[in-house]
Amino acid sequence: MASDPTLDTARRKGLIGVLQRLGPGLITGASDDDPSGIGTYSQVGSQFGYGLLWLALFTFPLMSAVQELCARIALQTGVGLGASLRRKFPRWLVGIAILGLFAANTFNVGADLGAVAAAGSLLSRGALHAIWLVVPVALLIIGMQAFASYSTIFKIFKWLTLALFAYVITAFFAHPALLEVVKATFIPHIELSRNFVMALVAVLGTTISPYLFFWQASSEVDELSAAGASHPESRRHSLRLSELRAARADVVIGMAFSNLVMYFIILTSAAVLHAHGKTTVQTADQAAAALAPLAGPFAFVVFSVGLIGAGLLAIPILTGSAAYAVKEFFGLGGSLASKPQQHPTFYLILTVATLAGVAMNFGHLDPIRALFIAAVINGVVAPPLLVLIVLLGSDHAVMKRYVSGPVSLALTGIATGFMAVAAITMVATMLTGR
């Protein structure tokens, strides 16, 4: 990040200064715990208990390395990820990758819209049907993106992250089996059953999600513009080490936040639902039951508010990352910092992605199941994109002195390989019927 104050100055101000300094990394991390993530983690915890807790520790360094690489590419080149990929790789190859991203994002938007609507219906105790709320929620999000200033949107996103802490607090009221939790946290548990592998792909897909790659990079470029660089591309040879360090700190804190919330949603669902024989989460009511130790009969309120907050945070980022990827691929202008009348095409892409998600909800797809499916789709789309991003970060001609080092290559390579193997294994188990 390029904006002032510097990281050192922020540190001297203490915790408040550091929190003020956080930007794209925190928003990226918080948006990763979107309704798709909440729904997936709840289902995984209820179905497999503590069996996948270890993934939180495993994915944290991998996720951090991937997002740091995306930020570093953007800060070095001064353009978004779509533009950088288009410059290095065949246009048709990048086009296929971005088409996959757009499709995955659109399905994810539909699932998240359905989840927010379901949460609103739950909050009204059924007085409002979920399907009635889908269109109003979509219009609210489109309006926020089109008419709120970039700084206002940014502040809204940052404060909405606080809603996710309800899941962390709840775990301490659930009285989990401590020895089982410690064992499951540090000793990986693997099964080769179809359901387990699909759950593994879903957790990986909703944690290391393709839309986050593009959002992180585009947010860094927007930060350059917001800091006063009218032509951020001209800065691509003048990236300062202090800027990179600030971005890295931001990314690590954001990813730590994301994985912390992931860990506690799985933990709470396992302790409250799985431990009492509730091994399937199919409705918003069932997912809300995980919060009963904290909120008692008002668990549905806490769950609904958290899900709505997470959705309002994530859906604009999903549509925004799709719009950034498409416009960068075609060399178009526009960003959330620009006005609709200045770059109507950018906002048209945002609207199309949102309306496609709205249409999906009229196909009678169960919203909680849709969240899980969205995570699986992300888990399949991510590995090919990661291959291109890792190769780009390793290109000396593009990255100069900021080319990926051994640690970055190792972590991003492990993330790519593990996600690819998991996706391939899932397909194999589906074909063999195991």
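- Atoms CD1 and OG, from Ile253 and Ser64 in turn, are 10.5 Å apart once rounded to the nearest 0.5 Å.
- Looking at Leu85 and Leu93, their side chains never come closer than 4.5 Å, going by heavy atoms from C-beta outward.
- Checked by atom type and distance alone, the side chain of Thr206 never pairs as donor or acceptor with a backbone atom of Val203 at under 3.5 Å.
- Panel note: side chain Asn105, backbone Ala353; no donor-acceptor pair is recorded below 3.5 Å.
- Looking at Thr207 and Asn259, their side chains never bring a donor and an acceptor atom within 3.5 Å of each other.
- Considering Thr59, Thr185, Thr268 in turn, Thr185 is the only one that fulfils the side-chain hydrogen bond (donor to acceptor under 3.5 Å, both in side chains) rule with Tyr263.
- The line from CD1 of Ile141 to CG of Leu313 is 10.0 Å long, rounded to the nearest 0.5 Å.
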Start with the C-alpha gap between Phe48 and His189, add the side-chain angles, then the distance that decides, and say whether ring pair (Phe, Tyr, Trp, His ring centres under 6.0 Å) holds.
CA-CA 10 Å; Phe48 298 101; His189 171 74; 8.2 Å; no
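- Using a 4.5 Å cut-off on side-chain heavy atoms (C-beta onward), Leu113 and Val109 make contact.
- Side-chain contact check for Asn108 versus Asp34: some heavy-atom pair is nearer than 4.5 Å.
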Give the C-alpha distance, both sets of side-chain angles, the deciding distance and a yes or no for side chain to side chain contact (heavy atoms under 4.5 Å, CB included) between Gln216 and Leu81.
CA-CA 9 Å; Gln216 181 76 51; Leu81 200 54; over 6 Å; no
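- Smallest separation of non-hydrogen atoms from Val134 and Ala117: CG2-CB, 3.7 Å.
- A donor-acceptor contact shorter than 3.5 Å is absent between the side chain of Ser209 and the backbone of Leu212.
- No more than 12 heavy-atom neighbours from other residues, nucleotides or ligands sit within 6.0 angstrom of CG on Leu179.
- Considering only heavy atoms from C-beta on, Gln76 comes within 4.5 Å of Lys400 through its side chain.
- Residues Thr354 and Ala138 share a closest heavy-atom pair of CG2-CB, 3.8 Å.
- Nearest heavy-atom pair across Glu328 and Ala83 is CB-N, 3.4 Å.
- A salt bridge does not link Lys183 with Glu180: none of the charged nitrogens is closer than 4.0 Å to a carboxylate oxygen.
- A distance-only check finds a donor-acceptor pair linking the side chain of Ser304 to the backbone of Ala119 [under 3.5 Å].
- Atom CZ of Phe58 is separated from atom CG of Leu53 by 15.0 Å, given to the nearest 0.5 angstrom.
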Given side chain to side chain contact (heavy atoms under 4.5 Å, CB included), test Val116 with Leu133 step by step and report yes or no.
CA-CA 8 Å; Val116 171; Leu133 300 174; over 6 Å; no
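- Considering all non-hydrogen atoms of both residues, Tyr50 and Ala184 come closest at O-CB, 3.1 Å.
- A cation-pi arrangement, defined by a distance under 6.0 Å to the six-membered ring centre and an angle within 45 degrees of its axis, is absent between Arg86 and Phe330.
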Quick one: side chains of residues 412-426, donor-acceptor pairs under 3.5 Å with protein atoms, not counting sequence neighbours, listed by atom name and distance.
| residue | atom | partner | partner atom | Å |
| --- | --- | --- | --- | --- |
| Thr412 | OG1 | Ser408 | O | 2.6 |
| Thr412 | OG1 | Leu409 | O | 3.4 |
| Thr416 | OG1 | Thr412 | O | 2.8 |
| Thr425 | OG1 | Val421 | O | 2.7 |

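- Looking at Thr106, its side chain never comes within 3.5 Å of a backbone N or O of Gly357 through a donor-acceptor pair.
- No side-chain heavy atom of Leu192 sits less than 4.5 Å from a side-chain heavy atom of Thr429.
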Decide yes or no on side chain to side chain contact (heavy atoms under 4.5 Å, CB included) for Tyr324 and Val221, but give the supporting numbers first.
CA-CA 11 Å; Tyr324 277 116; Val221 174; over 6 Å; no
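- Aromatic rings from Trp215 and Tyr211 are positioned such that their centres are separated by 6.0 Å or more.
- Scanning all heavy atoms of the two residues, the minimum distance from Ala65 to Leu411 falls at CB-CB, 3.5 Å.
- Expressed to the nearest 0.5 Å, how far CG of Leu371 lies from OG of Ser42 amounts to 9.0 Å.
- Note that the CD1 atom of Ile389 and the SG atom of Cys70 stand 4.5 Å from one another [nearest 0.5 Å].
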Show your reasoning for whether side chain to side chain contact (heavy atoms under 4.5 Å, CB included) applies to Leu244 and Arg72.
CA-CA 7 Å; Leu244 184 56; Arg72 178 159 37 93; 4.0 Å; yes
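- With values rounded to the nearest 0.5 angstrom, Met255 atom CE is found 11.0 Å from Glu68 atom CD.
- For the pair Leu52/Leu200, a side-chain contact is recorded, criterion being any heavy-atom separation below 4.5 Å from C-beta on.
- Side chains of Tyr402 and Leu75 form no contact here, defined as non-hydrogen atoms less than 4.5 Å apart.
- For the residue pair Gln145 and Thr319, a side-chain donor N or O sits within less than 3.5 Å of a side-chain acceptor on the partner.
- Summarising the geometry of Ser46 relative to His274, their closest heavy-atom pair is O-ND1, 2.8 Å, with the distance given to 0.1 Å.
- Side-chain N or O atoms of Thr351 include one that pairs as donor or acceptor with a backbone N or O of Tyr347 at under 3.5 Å.
- Annotation: side chain of Leu267 is in contact with side chain of Pro176 (closest heavy-atom distance under 4.5 Å).
- With sequence neighbours left out, Lys88 forms a salt bridge (Lys or Arg N to Asp or Glu O under 4.0 Å) with Asp395.
- In the model, Ser84 has a side-chain atom that pairs as donor or acceptor with a side-chain atom of Thr77 under 3.5 Å.
- Proximity of a side-chain donor or acceptor of Arg194 to a complementary backbone N or O of Met430 within less than 3.5 Å is not detected.
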